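Notes follow once the structure below has been shown.
Just so it is clear: chains get the letters A, B, ... in the order the sequence lines come, proteins before strands, and each one is counted from 1. Model, not experiment: these values are computed from the prediction.
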Amino acid sequence: MQLVDKDQVAKSLGGRQLLNKSMKFLFLLCTLVGLVVLVTLIVDTVLDGWSHLTWDFLTSFSSSRPESAGIYGAIIGSVWLMAVTAPVAIVLSVGTALYLEEYAPKNRITNFITVNISNLAGVPSVVFGLLGLTIFVRQLSLGNSVLAAGLTLALMIMPVIVVAAQEAIRAVPSSVREASTGMGATKWQTVSRIILPAAIPGIITGIILALSRAIGETAPLVVIGVPVSLLVTPNGVFDTFQALPMQIYNWVKMPQEEFQYLTAAGIIILLLILFLMNSVAIYIRNKYSKRF
Amino acid sequence: MNEYNIREMIQNNKNNKSTKFIEKAVPTILFIITSVSILTTIGILYTLLSETFIFFTRVSFIEFITATEWKAFSSNPSFGIIALIMGTLKIVVIATMVAVPVGLGAAIYLSEYATDRIRRIVKPILEILAGIPTVVYGTFAITFVTPLIREMFPGVSLYNAISPGVVVGIMIVPMIASLSEDAMSSVPGTTREGSLALGATRLETVFKVILPAAASGIIASFVLGISRAIGETMIVSIAAGSTPGADFDLTSSLQTMTGFIVQVTSGDAAFGTDLYYSLYAVGMTLFLFTLIMNLAAQWITKKFKEEY
Amino acid sequence: MAELKMKEELDMNATINTQTEKKDPASGIVQSSKPVFEARDFNLWYGDNHALQNINLTFKENEISAIIGPSGCGKSTFIKSLNRMVELVPVVRTEGDIVYREQNIFDKSLSVEELRTKVGMVFQKPNPFPKSIYDNVAYGARVHGIRKKKVLDQIVEKSLRGAAIWDEVKDRLNANAYGLSGGQQQRICIARALAIEPDVILMDEPTSALDPISTTKIEDLMQELKEKYSIIVVTHNMQQAARISDKTAFFYQGYVVEHDDTKVIFENPKDKRTEDYVSGRFG
């Protein structure tokens, strides 16, 4: 007696292959959804905003009259913001990653710190906004300044950079570490002269990607109370400021149709900055990806 | 060329004070830096708990969790968090319905069908998509998706759950796709080949071998995606409206927990009012929801970790 | 003993390199073969695994000592104990003494950094740093506080010559060391170890990842190096041990079974297990 009916198998094969083919097509469509959305979003935005991308737009402050409103204050403000966020986030994250990878004993505290960091990565940005509002703006009396917002965003992106930096440090082969230790180099000499330089491309990639997230982050700035209209740029970190995503959010809420074009123009600027940052990150990653 | 005595030079440098000091100081400095992450968590908990505590001295906890109306701005206010949770839930359900099939489909395609070349093109696109600021997605929802939906279904109002829900879903697709793909790619090739060699099609291999083997990672990616959707703020602030309500209506204006926080803080919530403290009670609720989801994701990954 | 001294003198005369004339007073080499390393009742555990048991061994200066034995016998663990690199594994516990030039290496007064400065190491797989050839070789000197360009230049050239790779790389000292072949990389690693003028060089299967031609070059190099350095080499290759070493220790399951002149070990071993191993009956 034959347990496998060969005719039956042969008959069903055609149908199975067809199902495989059609599902493959469906999966491909799913993959293309992202591409379609990206293209639609960009085309829609560019069509709306292109004509408003003028020199005046780039060099004017915000205004309640759409024809004279510009994005200058927001761009300068965002640069100020990143000037605070970047160094603070880098020091905190790289320091934390180095501690966890190189110095931390394998115990409960270390384990707790690791779990805590991955939980922080999942805290909604608006909650970080509440943290910033309560601690930095109110209790430390920093007001809605560049410093308060910059520190808030730095804490928010820290977990992302920590994880990226940890991966980059872990990717440095232990044989190289042994070579350095074997020559009588101290721990810190090995870390600072061998491990860090070898891990730096991966760390920088992580930093750029995290900063590109921070530069487009809006919710914490709303909560902190970053002003939507301001006719000066900050002179220092204790001054208040405008920010690119806040400006876009403000315009998109405006009822007049003219502001929708300004929104689109603002988004073009923001996306250009992001694409630029991402390209740099991808370039660094590809250039240095296979060295060991 | 005069010869240097290297051994002697090294010997002389041996007792370099600064080297020794740095060696001792560095671990301490790094530990202090690391503790900032703990302080951040303490800061968040302290902020939310202390102000929420004050809120509950003014508004009863029972009202907060049982009342179905959220009228924080009214002169006769009512604080029923269910109305805001309902708003969040609508967005999350719609987003999940979009993101899970699309994200999983894309992950299956990338992991099981795509050639290396396609993968190299598609993955950066997903990364770009994941990097688009939510304020841009929000604008896209209100200026493109909402009019599109309203054209197809004229009964839908300007602010509704569908448009922001779909866009939040699209926003979390890259996350689900890439995490699920990671999980599927780590199923060893030999397992895959074992099934294919028996004459199973790719599809049968995916559903009978790969998906079960990668289940924990895939489910964790769903949970993380949902957590992200719960915390999403700008898309709903821009496109969902500001009318909290404990109903199941998807076509009219609603408000989520995050949307409420933005609405209050973009105006002037006078310090010390009930409205001000309600901000933190909502923030606390939001924090708890996302925390539970994140812990669940970690638990799933750890508990059902596949050993290959 | 007398025979040994004669052999030493012969080797010295055979050396072409003039640099070997300059003997370092700090280590007091030359006259008689003093012991550099001495293990006394040395035991080592990885967790519960008693990996090295009651090791008693003496290594003398200006000799090449080979350590042979089947995989897992503890030979690598032992050589890594000599510069305390074995402690990088967190669960390691030791008992007994290892004496380096009359000083217990586990003594608090001797820092591991100092020990490792004097006891250099070459690893199984070439492990250059992802830096230029120059920076690789200058690394040790820089770490130990030597910063003058002139001194570093001299150290780099001298070490690269010492490792017999100067002619191959002198025109591209700023090129990344990863661009070199495996054999060249390993000689860069030897040069890197030579740069801080250690007293002893430990080599952990230094040619196991290399092709035969590179292996021959490294073996020749070791013969030259022994004029200035004491070399302890772990090898799984018995022909190599027979070719290059003066003394050989046979490790088996964490014990030293036999330690004697290489000639004796290979031609007239006292222990049955040694005989079985060197004649290829197991391992």
Side-chain angles (χ1 to χ4, degrees), chain A residues 16-17 19-20 23-24 26-28 30-31 33-35 37-38 40-41 44 91-92 95-96 98-100 103 113 116-120 122-127 130-131 134-135 155 158 186-188 209 212-213 216-219 222-223 225 245 248-249 252 260 263 267 270-271 274 278 282, chain B residues 19 22-23 26-27 30-31 33-34 36-38 40-41 43-44 47-48 51 101-102 105-106 108-110 113 122 124-126 128-129 131 133-136 138-140 142-144 170 173-174 201-204 227 231 233-234 238 258 261-262 265-266 279-280 283 286-287 290-291 294 298:
Chain A
R16 287 167 52 204
Q17 284 169 335
L19 188 65
N20 182 38
M23 285 300 280
K24 177 180 174 181
L26 197 67
F27 295 143
L28 177 63
C30 291
T31 313
V33 166
L35 184 64
V37 170
L38 190 64
T40 314
L41 191 153
D44 184 48
V91 169
L92 288 182
T96 303
L98 277 182
Y99 179 78
L100 290 176
Y103 288 94
I113 292 173
N116 177 56
I117 287 173
S118 59
N119 279 328
L120 274 182
V123 172
S125 58
V126 71
V127 173
L130 288 176
L131 171 78
T134 317
I135 305 288
L155 293 182
M158 174 182 68
T186 61
K187 180 101 190 181
W188 177 244
L209 291 178
S212 76
R213 191 186 146 201
E217 193 59 64
T218 322
V222 179
V223 176
I248 293 168
Y249 175 56
V252 76
Q260 301 316 314
T263 310
I267 288 178
L270 180 59
L271 290 184
L274 291 182
N278 276 285
I282 290 171
Chain B
T19 310
I22 290 171
E23 209 54 40
V26 162
L30 290 182
F31 180 75
I33 290 175
T34 303
V36 171
S37 63
I38 303 282
T40 306
T41 306
I44 290 173
T47 302
L48 294 177
E51 311 289 69
V102 173
I108 292 174
Y109 186 79
L110 287 176
Y113 290 95
V122 172
I125 292 175
L126 286 178
I128 292 173
L129 216 50
T134 52
V135 68
V136 176
T139 309
F140 180 64
I142 195 79
T143 62
F144 188 85
I170 290 169
V173 160
T201 62
R202 280 266 167 200
L203 185 71
E204 289 154 354
S227 166
T233 309
M234 295 323 290
I238 293 171
T258 53
I261 295 175
V262 164
T265 48
S266 16
L279 204 56
Y280 292 90
L286 176 67
F287 177 75
T290 52
L291 181 67
N294 292 332
Q298 282 167 27

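- Considering every non-hydrogen atom in both A:Asn278 and A:Ser212, the closest pair reads ND2-OG, 4.1 Å.
- Among A:Leu120, A:Val91, A:Thr263, the residue with the largest count of heavy-atom pairs under 4.5 Å with chain B is A:Leu120.
- Contact annotation for B:Thr139: both backbone and side-chain heavy atoms come within less than 4.5 Å of a heavy atom of chain A.
- Of the possible polar contacts, one joining the B:Glu23 side chain to the A:Trp188 backbone as a donor-acceptor pair under 3.5 Å is found.
- Between chain A and the residues B:Val173, B:Thr258, B:Ile238, the most heavy-atom pairs under 4.5 angstrom are made by B:Ile238.
- Heavy atoms closer than 4.5 Å to chain A are found in both the backbone and the side chain of B:Ile38.
- No side-chain donor-acceptor contact under 3.5 Å links B:Glu204 and A:Asn20.
- In this structure the side chain of B:Val262 reaches within 4.5 angstrom of the side chain of A:Tyr249, judged on heavy atoms.
- If you measure heavy-atom distances from A:Val222 to chain B, the contacts under 4.5 Å come from both the backbone and the side chain.
- At a 4.5 Å heavy-atom cutoff, the contact between B:Val122 and chain A is made by side-chain atoms alone.
- When heavy atoms are compared at a cutoff of 4.5 Å, B:Ile22 approaches chain A solely by way of its side chain, counted from C-beta outward.
- Interface remark: A:Leu130 contributes backbone and side-chain atoms alike to the contact with chain B (heavy atom separation under 4.5 Å).
- Neither the backbone nor the side chain of A:Arg213 comes within contact range of chain B; no heavy atoms are under 4.5 Å apart.
- If you measure heavy-atom distances from B:Phe31 to chain A, the contacts under 4.5 Å come from both the backbone and the side chain.
- Options A:Gly122, A:Ser125, A:Pro245 differ in how many heavy-atom pairs under 4.5 Å they form with chain B, and the most are formed by A:Gly122.
- The candidate with the highest count of non-hydrogen atom pairs below 4.5 Å against chain B, out of A:Leu35, A:Leu41, A:Val33, is A:Leu41.
- When heavy atoms are compared at a cutoff of 4.5 Å, A:Leu28 approaches chain B by way of both its backbone and its side chain.
- Residue B:Val26 touches chain A through its side chain alone, counting heavy-atom pairs closer than 4.5 Å.
- Both the backbone and the side chain of B:Ser37 come within contact range of chain A, judged by heavy atoms closer than 4.5 Å.
- Interface remark: A:Leu92 contributes backbone and side-chain atoms alike to the contact with chain B (heavy atom separation under 4.5 Å).
- Of the residues considered (A:Leu19, A:Leu38, A:Asn119), A:Asn119 shows the highest number of contacts with chain B, using heavy-atom pairs under 4.5 Å.
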### Residues A:Val126, A:Val223; criterion side chain to side chain contact (heavy atoms under 4.5 Å, CB included); working and verdict
CA-CA 7 Å; A:Val126 71; A:Val223 176; 3.7 Å; yes
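- By the 4.5 Å heavy-atom criterion applied to side chains, A:Thr218 and B:Pro133 are not counted as neighbours.
- In this structure the side chain of B:Leu279 reaches within 4.5 angstrom of the side chain of B:Thr265, judged on heavy atoms.
- With no hydrogens or angles considered, no side-chain donor-acceptor pair links B:Thr143 and A:Gln260 at under 3.5 Å.
- Side-chain N or O atoms of A:Asp44 include none that pairs as donor or acceptor with a backbone N or O of A:Thr40 at under 3.5 Å.
- In terms of non-hydrogen atom pairs under 4.5 Å with chain B, the most contact-rich of A:Leu98, A:Leu274, A:Leu131, A:Ile282 is A:Leu131.
- Between chain B and the residues A:Gln17, A:Glu217, A:Arg16, A:Met158, the most heavy-atom pairs under 4.5 angstrom are made by A:Arg16.
- Proximity to chain A (any heavy atom under 4.5 Å) is shown, for B:Thr201, by both the backbone and the side chain.
- A cation-pi arrangement is present between A:Lys187 and A:Tyr103 under the rule of less than 6.0 angstrom and at most 45 degrees off the ring axis.
- Interface remark: B:Pro174 contributes no atoms to any contact with chain A (heavy atom separation under 4.5 Å).
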